[in-house]
There are 2 protein chains.
Amino acid sequence: MVDSRKSFKRESPDQRQDALIEATLSLIASGGPEVATVRNIAMEAGVTPGLIRHYFLTKEDLIGAAYERHMTTMRYATYATLERDLPSAVARLATLVTASVTPPVADPRALALWAGFIQSVQRDTAMRAIHEKTYFQFRDQLQVLIGEAFIEVGQPKNKADLRRFAIACNAVLDGLWLEGSALPNSFKAGELSAIGISSVGAILGLKLEV
Amino acid sequence: MVDSRKSFKRESPDQRQDALIEATLSLIASGGPEVATVRNIAMEAGVTPGLIRHYFLTKEDLIGAAYERHMTTMRYATYATLERDLPSAVARLATLVTASVTPPVADPRALALWAGFIQSVQRDTAMRAIHEKTYFQFRDQLQVLIGEAFIEVGQPKNKADLRRFAIACNAVLDGLWLEGSALPNSFKAGELSAIGISSVGAILGLKLEV
DNA sequence: GCACTTATTATACACTTGTATAATTTCAGA
DNA sequence: TCTGAAATTATACAAGTGTATAATAAGTGC
């Protein structure tokens, strides 16, 4: 038999790392963490298993990198809707609420990914650090937005109040995101969005509806 | 060597099944799903691995049974605080909020368990059915309580309104539960409880604070 | 006290896991 | 065109996985 090695193309470290991370996310999303084996990830990325250890010291490292990537992507997707400058902070807040509870942010795949990762947050220190970092990034961004909205309507708040508001509104968004992602067919179109807007509005004492 | 078999005591099927489920939950809570192997579960339950297949057709079946048990326990733990009859529905609502965001309901172990299971909800039909069932049970109970509170203050609401309120309040509780469970050290004592009560109060337009 | 059911243990198996190491191939620079 | 570094493949390994099957012990009813 002709023993022919697999022919391959040298890629830049960045591209390869990227491909491995994407392959990991794809597998966890569709089959859960237990499907994301070293061999499956390599196959998904069109590469042989050994290469993973060349780019990541351990499999855990790859998983961590994938987690951070996912959370960053989520945050981006949520706040991307604010890019096009909206007339007011209040309007931006409403847009943010809608973005949080509708696709692509609220999505079974995103939830599956998130759940796949969150379970390792408890025991893995590195994963917990990533979790804290991304969670606070998100909440702080929300807090800034809330602060701007209050200033806009001439009711500036102190930092302690803003913290409480941000925690509360973040909880609403998290909860609705969760429910919309887990049971996407149990809510009418726009229902979660409307509930989110009126709830956040009630909590802040602001009128968010147009 | 004396080849001595392990001596054992015959237990009733119910007790054994129960022990296996509890062992499974205990392992998943402390070490995540990947630690809940057939052999570890058996050891935790003080039994040999083969016995698992005698009570559960497959390991997946055991996991599913454990999930249902966990969710039921959570719901019980949440509503147990309402047993001792409180003066008013409004007071019961406030108690429920506090119970949802404090131990033992809000707890890293509970979150780890929940996350471990939620990921299988996407692809496993049986798991999704269990999830939907427990979710709606919880939300319906909340909806009843909210309805009673409105009647109490002389502002009865129709069913559509109550549905929206229940979804919103449930989201607040879910979100705060999530955050309190994932990052238990990031909030001051009673902080989440206070935020939950004022948020739910704001959403419903009711004063829940004593 | 004996037979019978079945709960329980013991053993075996085929397969998958993550990782370590050595052999190769690619590609850039001289 | 040749050389050297490193990207990539190939192979090996020890440990762990779920499951199937046979042997044994425990308790129940007679």
Side-chain angles (χ1 to χ4, degrees), chain A residues 1-24 27-28 30-67 116 119-120 123-124 126-127, chain B residues 1-24 27-28 30-66 116 120 123-124 126-127:
Chain A
M1 277 300 159
V2 189
D3 56 336
S4 65
R5 273 195 158 221
K6 183 192 176 199
S7 77
F8 61 92
K9 188 168 161 254
R10 260 170 123 102
E11 297 283 357
S12 78
D14 280 1
Q15 281 182 34
R16 269 284 128 84
Q17 232 160 318
D18 201 71
L20 290 172
I21 289 177
E22 286 303 326
T24 304
L27 285 174
I28 294 184
S30 62
E34 71 271 19
V35 175
T37 65
V38 171
R39 285 165 182 79
N40 283 346
I41 293 170
M43 183 180 301
E44 179 83 14
V47 138
T48 48
L51 191 59
I52 287 179
R53 261 190 58 78
H54 188 259
Y55 283 108
F56 299 92
L57 204 61
T58 168
K59 188 197 166 189
E60 293 267 309
D61 284 356
L62 171 53
I63 299 289
Y67 180 40
Q119 61 187 71
S120 31
R123 55 186 175 292
D124 189 326
M127 290 293 266
Chain B
M1 277 299 159
V2 190
D3 56 336
S4 65
R5 277 197 155 218
K6 183 192 176 200
S7 78
F8 60 90
K9 188 166 161 258
R10 259 172 124 101
E11 297 283 357
S12 77
D14 279 1
Q15 281 182 35
R16 269 284 127 84
Q17 233 161 316
D18 200 73
L20 289 172
I21 289 176
E22 286 302 326
T24 304
L27 284 174
I28 294 183
S30 61
E34 71 271 21
V35 175
T37 66
V38 172
R39 286 165 180 79
N40 283 346
I41 293 170
M43 183 179 301
E44 180 83 14
V47 139
T48 49
L51 191 58
I52 287 180
R53 261 192 56 78
H54 188 259
Y55 284 107
F56 300 91
L57 204 61
T58 168
K59 188 195 165 190
E60 291 268 311
D61 285 356
L62 170 53
I63 299 288
S120 32
R123 52 188 174 289
D124 190 327
M127 292 291 256

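Because the structure is a prediction, the values reported are computed rather than measured. Quick note on labels: first sequence line is chain A, next is B, and so on, each numbered from 1.
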First locate atom [atom1] of [X], then atom [atom2] of [Y], and finally report the distance between them rounded to the nearest 0.5 Å.
X: A/Gln17; Y: A/Leu51; atom1: CD; atom2: CG; answer: 10.0 Å
X: A/Leu57; Y: A/Ile52; atom1: CG; atom2: CD1; answer: 13.0 Å
X: A/Leu62; Y: A/Ile41; atom1: CG; atom2: CD1; answer: 5.0 Å
X: A/Thr24; Y: A/Phe56; atom1: OG1; atom2: CZ; answer: 7.0 Å

Spacing between [X] atom [atom1] and [N] atom [atom2], to the nearest angstrom:
X: A/Leu51; N: D/dT11; atom1: CG; atom2: P; result: 17 Å
X: A/Arg53; N: D/dT9; atom1: CZ; atom2: P; result: 16 Å
X: A/Lys59; N: C/dA20; atom1: NZ; atom2: C1'; result: 17 Å
X: B/Glu34; N: D/dG18; atom1: CD; atom2: P; result: 12 Å
X: A/Lys6; N: D/dT9; atom1: NZ; atom2: P; result: 4 Å
X: A/Leu27; N: C/dG18; atom1: CG; atom2: P; result: 11 Å
X: A/Lys9; N: D/dT8; atom1: NZ; atom2: P; result: 10 Å
X: B/Phe56; N: C/dT8; atom1: CZ; atom2: C1'; result: 15 Å

(message) Please compare A/Arg39 and A/Gly50 by the position of their nearest nucleotide in DNA chain D and report the one closer to 5'.
(response) A/Gly50

Ignoring backbone atoms, establish whether [X] has a side-chain N or O less than 4.0 Å from OP1 or OP2 of [N].
X: B/Ser7; N: D/dA26; result: no
X: B/His54; N: C/dT8; result: no
X: A/Thr37; N: C/dT17; result: yes

(request) Could you check if a side-chain atom of B/Pro33 sits within less than 4.5 angstrom of a side-chain atom of A/Glu34, using non-hydrogen atoms only? (result) no

(message) Within the 4.5 Å heavy-atom criterion, are A/Tyr67 and A/Ile28 side-chain neighbours or not?
(response) no

(message) Near DNA chain C, counting only heavy atoms under 4.0 Å, which residues of residues 16-23 of chain B show up?
(response) B/Arg16

(request) Describe the nucleic acid contact of A/Thr48 in one word from base, sugar-phosphate, nothing, applying a heavy-atom distance below 4.0 Å. (result) base

(message) More than 12 heavy atoms of other residues, nucleotides or ligands under 6.0 Å from CD of B/Glu60: yes or no?
(response) no

(message) Quick one: does any side-chain atom of A/Asn40 pair with a main-chain N or O of A/Val35 as donor and acceptor, under 3.5 Å?
(response) yes

Show me the protein contacts with nucleotides 22-24 of chain D, counting only N or O atoms at under 3.5 Å.
from: D/dA23; atom 1: N3; to: B/Arg5; atom 2: NH2; distance (Å): 3.3

(message) Among B/Met43, B/Arg53, B/Lys59, exactly one meets side-chain contact (heavy atoms from CB on, under 4.5 Å) together with B/Val38. Which residue is that?
(response) B/Lys59

